[in-house]
Amino acid sequence: MAMVIWLLSWSSAAAQTAPYFFAPIDQTFDSIARIFNQLDFDNERQRADSALFGRLDQIARSTKNGQLEARSRYWRVRMTQMNTPPPQCIGQLEHALALTKDSRYDYDRACIMYQLAGNYERMGQYMKTYLLLGKAIPLFEKYDDHYFLGNAYLLMGQLFLDIDYREPVAEQIELSRKSYERAGYPLNRIYFF
């Protein structure tokens, strides 16, 4: 993904509220996570307030809730990964995935696996990327999360380009395009293909 430059026009995305698929756990934590979720959808991750990461960590510690700790790690990586080395992101995400065992939080697992896949792709670990996407995509389908489906298909297309296996690229990009349309997301995310 390093060679992909995300130049986006966000006027149509900014007007839409991003769906939030995470199962509610803590009202304050969830309200902060919803802010991050919207910033992510609007491609405004750089606007994430670092103090809010600390607040998520604090809530997770005070409640001694492992799932909140997993989410806190996920959101920190999701919002800052472009400025964080992949091995550091992977360490945080692997820890988050280990904390996410309860089947009630399979959507969390999908998001963490997708994020792991992107970081493994950045490191050229293509088989891990492929396997993680193969597990995440059915969960995004289960929740009708078309934004993350679009992201996952786009990453799969990028993976196929990385390994110079061009035959399935067009199919992945078409799946991404359809998913983004269903999510009400700007299609110029896939401009480089």
Side-chain angles (χ1 to χ4, degrees), residues 1-23 33-48 71 74-75 77-79 81-82 89 93 97 100 103 105-122 124-193:
M1 284 295 237
M3 69 183 191
V4 178
I5 301 171
W6 301 107
L7 297 173
L8 302 167
S9 163
W10 295 105
S11 58
S12 62
Q16 184 168 346
T17 301
Y20 185 78
F21 294 98
F22 292 91
R34 284 178 183 275
I35 293 168
F36 291 150
N37 189 63
Q38 188 66 47
L39 288 172
D40 180 31
F41 188 82
D42 293 342
N43 197 36
E44 303 249 345
R45 288 186 244 170
Q46 73 281 359
R47 291 186 47 222
R71 287 184 187 176
Y74 164 77
W75 282 115
V77 170
R78 180 79 182 146
M79 303 308 280
Q81 86 164 3
M82 297 319 275
C89 293
L93 293 165
L97 194 59
T100 307
S103 62
Y105 305 116
D106 61 348
Y107 180 79
D108 296 47
R109 288 188 67 78
C111 290
I112 295 165
M113 287 186 291
Y114 165 78
Q115 204 65 36
L116 268 168
N119 279 281
Y120 279 125
E121 188 273 339
R122 288 168 63 195
Q125 295 188 23
Y126 304 126
M127 185 53 75
K128 285 184 178 182
T129 302
Y130 180 80
L131 293 173
L132 285 163
L133 287 173
K135 292 177 183 175
I137 287 171
L139 291 169
F140 292 139
E141 288 171 341
K142 173 184 171 182
Y143 286 91
D144 285 330
D145 184 347
H146 297 288
Y147 168 64
F148 262 100
L149 271 172
N151 289 343
Y153 290 134
L154 188 61
L155 180 55
M156 189 71 84
Q158 179 65 47
L159 167 67
F160 289 138
L161 276 178
D162 289 345
I163 63 173
D164 202 27
Y165 181 44
R166 299 188 179 263
E167 203 170 298
V169 172
E171 177 187 2
Q172 295 301 311
I173 299 311
E174 181 60 16
L175 289 169
S176 180
R177 183 189 68 75
K178 287 179 180 178
S179 295
Y180 284 153
E181 279 182 347
R182 290 189 72 186
Y185 196 71
L187 294 179
N188 56 343
R189 179 102 183 220
I190 58 177
Y191 78 94
F192 57 94
F193 289 95

J.: Is the shortest side-chain heavy-atom distance between F148 and Y143 below 4.5 Å?
T.: no

J.: How close do C89 and N119 get, counting heavy atoms only, and between which atoms?
T.: CB-OD1, 3.3 Å

J.: Tell me, do R71 and Y105 make a side-chain contact under 4.5 Å, heavy atoms counted?
T.: yes

J.: Measuring from atom CG of N151 to atom CG of D40, what distance do you get when rounded to the nearest 0.5 angstrom?
T.: 7.0 Å

J.: For S176 and Q172, indicate whether the former's side chain and the latter's backbone hold a donor-acceptor pair under 3.5 Å.
T.: no

J.: Find the distance between CD1 (I112) and CZ (R78) and round it off to the nearest 0.5 Å.
T.: 12.5 Å

J.: Do M156 and Y130 come within less than 4.5 Å of each other through their side chains, counting heavy atoms only?
T.: yes

J.: If you take all heavy atoms of G134 and P138, which pair is closest and at what distance?
T.: O-CD, 3.1 Å

J.: Going by the side-chain contact (heavy atoms from CB on, under 4.5 Å) test, name the single residue among L93, L97, D108 that passes it with M113.
T.: L97

J.: Does Y153 reach the side chain of I137, with side-chain heavy atoms less than 4.5 Å apart?
T.: yes

J.: Supply the atom-to-atom distance M82 CE to Q46 CD, rounded to the nearest 0.5 angstrom.
T.: 11.5 Å

J.: For a quick test of reading the model, state the closest non-hydrogen atom pair linking Q16 to G184 and the distance between them.
T.: OE1-O, 3.1 Å

J.: Taking atom CD of E167 as the centre, report whether more than 12 heavy atoms of other residues, nucleotides or ligands fall under 6.0 Å from it.
T.: no

J.: Would you say the side chain of L132 lies within less than 4.5 Å of the side chain of Y114, judging by non-hydrogen atoms?
T.: no

J.: Do R177 and E174 meet the salt-bridge criterion of a basic N to acidic O distance under 4.0 Å?
T.: yes

J.: If you take all heavy atoms of T129 and A117, which pair is closest and at what distance?
T.: OG1-O, 3.3 Å

J.: Look only at the side chain of Q38 and the backbone of A18, and say whether a donor-acceptor pair between them is shorter than 3.5 Å.
T.: yes

J.: Which residues pass the side-chain hydrogen bond (donor to acceptor under 3.5 Å, both in side chains) test with Y74, not counting sequence neighbours?
T.: none

J.: In terms of ring plane angle, is the pair F160 and Y165 parallel, tilted or perpendicular, where the classes change at 30° and 60°?
T.: perpendicular

J.: Are the side chains of Y107 and D145 in contact, using a 4.5 Å heavy-atom criterion?
T.: yes

J.: If every non-hydrogen atom of S179 is compared with every non-hydrogen atom of G150, which pair is closest and at what distance?
T.: CB-N, 3.5 Å

J.: Rounded to the nearest 0.5 Å, what separates atom CG in D144 from atom CZ in R182?
T.: 6.0 Å

J.: Below 4.0 angstrom, N of the basic side chain to O of the carboxylate: do D106 and K142 qualify?
T.: yes

J.: Determine whether F41 and Y20 make a side-chain contact, defined as any pair of heavy atoms from C-beta on separated by less than 4.5 Å.
T.: no

J.: Would a 4.5 Å heavy-atom cut-off, applied to side chains only, mark F21 and N37 as touching?
T.: no

